[in-house]
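Here is the structure we will look at, set down as structure tokens.
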Amino acid sequence: MWDTFLDVARHKMLTVHLVFVCIALGLFNLFGHFSTTPSLEYRMIQDVGLSIISLFGFLIALFIGSTTLRDEIQRKTIYAIFTLPMGRWELYTGKFLGTLLAAVVNMLIMLGILTLLLYIKFGLIWSGFQWVALFMILEFAIMTGMVLLFSLTDSLIVCFSLSIFCVLLGSMAEHVQHLAFEADIPLLSYLTDVVYWVIPNFGYFNIKYKILKDLTISPSFAMWAVGYACCYLFFLLVAGSWALKKKDL
Amino acid sequence: MTKHRYLLLFIFSLLLTAVSRHYYLQQHRLEMKTGNARQNLDQIQKSSSAFFTNKDENESTDETSDGQQTETTATCSENCNLPEHAKGHIQGQEHQHGHEHEPEHDHAGQLVAGSATNDIASTADEKQLAVQAGQPHEQTGTHGHEEFNSKAKLLTCEHADHDHADHHEHHAHGQASDPAVSPGFVLLLRQLGFAELAANLLWIQMDSDSHRGLWHRVEFALELIPALDPTFVDAYLLRSFLLDEYQKRHDEALQILEGAAKQLPNRIELWQQIGIFCLNHTGRHGPKRLLPRALEAFQVMAEFSDAPIQSPRLIAVTLAAMERRTEAVKFLEASSGDQTRPLEQRKIDQTMIERINSGEKF
């Protein structure tokens with residue numbers, strides 16, 4: 001896990017991402033013009049800032065997750081690891097945790113930058129920060145797990161396409177299901193029902209508007225979210241470990 | 001068994017995921033107080049055609065040889081269907097002047113909140129005081145009345161800061177362009193996580209549509225905004241105001257506010273507006289009066305730490321309307337004896353006590 005994390009941390013791409021995030025967050029004044037009062041402007045900037053962090057967080061998870069295991073396989077260094085007394089599932093889990101740790105550290109840095117900018121502009125400490133961070137970690141964990149699973153496919157393009165498709169579909173799962181139902185095609189409806197239950201619904205990890213307005217959520221709700229995320233991660237890790245075991249290496 | 005270990009684990013984890021997802025969704029709906037996303041999408045589908053039709057413009061595209069002013073007057077009266085709007089034209093005033101009203105009407109919120117107390121006053125001085133009593137509370141935080149009022153101006157034709165002549169030229173010539181912010185666009189924004197941005201962009205679009213007299217779009221936008229962002233108080237307030245004031249759908253307007261108050265119980269504006277609707281002074285909100293509910297709403301409002309300064313008077317007026325005058329007077333006496341209240345407010349309290357004691361009907 002630590003080796004993966006350190007390996008990822010040395011990646012130049014992360015620095016580039018952070019620069020982009022700083023620029024994007026620095027432009028947050030633009031979004032404030034949509035609002036008429038300072039309080040609305042504050043919330044608007046928070047909303048847009050968090051969405052930018054979500055977007056860049058996903059990109060980080062995508063770029064790191066799709067390369068970390070693939071590089072090991074392509075460079076043949078994975079064979080050296082296989083000589084160690086560890087199962088393939090342990091390697092896969094370690095890769096996942098290392099990648100997730102890197103994504104989480106990046107996310108926390110981005111959140112820190114946003115909080116700092118908000119403090120500089122408005123002089124307010126952001127309450128509800130911890131809940132946003134928790135739900136983002138859960139979201140990124142599932143995204144990372146998915147990307148790592150798809151990285152076991154033969155093509156990088158397939159990995160990217162599947163990952164982006166699943167994230168988009170996961171963000172619009174209910175609406176896609178509804179549109180299929182409205183189309184009145186039984187087979188399509190059945191398929192979207194299956195997809196709806198298999199693909200994670202990222203929309204349900206989006207608690208931004210709740211946090212931005214009410215500043216908090218109930219701990220029991222957070223526990224259910226953690227429970228669901230853990231179950232889904234377990235599913236992804238089992239699927240990934242199984243796929244790695246089946247892979248001809 | 002060992003051979004199929006991964007397969008069994010896979011099936012088990014899939015089932016576990018489905019079960020945990022089911023319970024998590026239930027919790028999510030409870031916590032977020034949202035209905036099914038299908039309902040939102042149904043709503044969007046039902047009304048989406050409103051964004052792509054220009055029926056109001058089509059009615060006004062025929063130019064007359066008598067000149068633009070006649071045309072504009074007719075168009076505005078038809079499209080806006082607002083008494084103030086029509087009045088401005090009838091008086092033959094410039095557009096900007098046509099929309100200027102009494103000072104107390106500077107805020108649309110006061111058309112409701114302020115007028116209830118305004119109507120109570122009988123003399124000019126009292127009116128002035130009553131207007132002050134009905135002033136929107138600026139300390140209510142986030143989506144405050146002040147903000148709502150400034151936006152609601154757009155729909156009450158009080159666009160002091162806008163060049164109305166230009167807008168009405170558009171009315172006359174039917175030059176409405178396609179909407180910049182369509183339902184599909186805002187939906188996509190929301191799904192990508194930009195819910196607040198989506199709601200605000202739609203609000204801006206609604207503002208623009210109201211200038212062009214596209215009221216069918218305005219109505220739709222005000223329905224859609226809470227679907228995008230259920231905590232967008234301004235949309236609830238403005239929609240209920242329009243329903244009540246211009247469409248005379250009083251019960252529906254009250255229902256919207258009641259629904260919003262369940263969703264956002266910590267928003268003072270909603271409780272104040274519910275109270276005003278239920279108090280229904282002068283019968284402006286239809287024949288019904290729900291005085292116990294009005295009293296309850298004002299009491300909830302008064303319990304907030306940053307309650308509006310006129311809260312005690314609103315409670316007292318409601319009590320007086322319920323013919324519990326002694327109680328009302330006692331309540332106001334306590335309020336006027338409160339040294340922490342500004343002297344001006346205590347004077348207004350005293351005036352109100354005299355009026356209640358005089359047997360005036362509220």
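Convention: sequence-line order gives letters A, B, ...; per-chain numbering from 1.
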* Structure fact -> Applying a strict 4.5 Å limit to non-hydrogen atoms, the region of A:L55 in contact with chain B is neither

* **Qualifying residues under salt bridge (Lys or Arg N to Asp or Glu O under 4.0 Å), relative to A:K247, sequence neighbours excluded** => A:D154

* With rounding to the nearest 0.5 Å, note down the distance linking CG in A:L236 to CZ in B:F10. => 9.0 Å

* Approximate separation, where rounding is to 0.5 Å, of A:Y232 OH and B:R21 CZ -> 8.0 Å

* To do: Flag the pair A:F235 / B:F12 as yes when their ring centroid distance falls below 6.0 Å, and as no otherwise.
  => no

* Which residues pass the ring pair (Phe, Tyr, Trp, His ring centres under 6.0 Å) test with B:Y24, sequence neighbours left out? -> A:F205, A:F221, A:Y228

* Leading residue by heavy atom contact count with chain B [cutoff under 4.5 Å; candidates A:G227, A:A239, A:A225, A:A229] -> A:A225

* Asked: Any idea which heavy atoms bring B:L16 and A:F234 closest together, and the distance?
  -> CD2-CD2, 4.4 Å

* Check the surroundings of atom OH in B:Y23: do more than 12 heavy atoms from other residues, nucleotides or ligands lie under 6.0 Å from it? => no

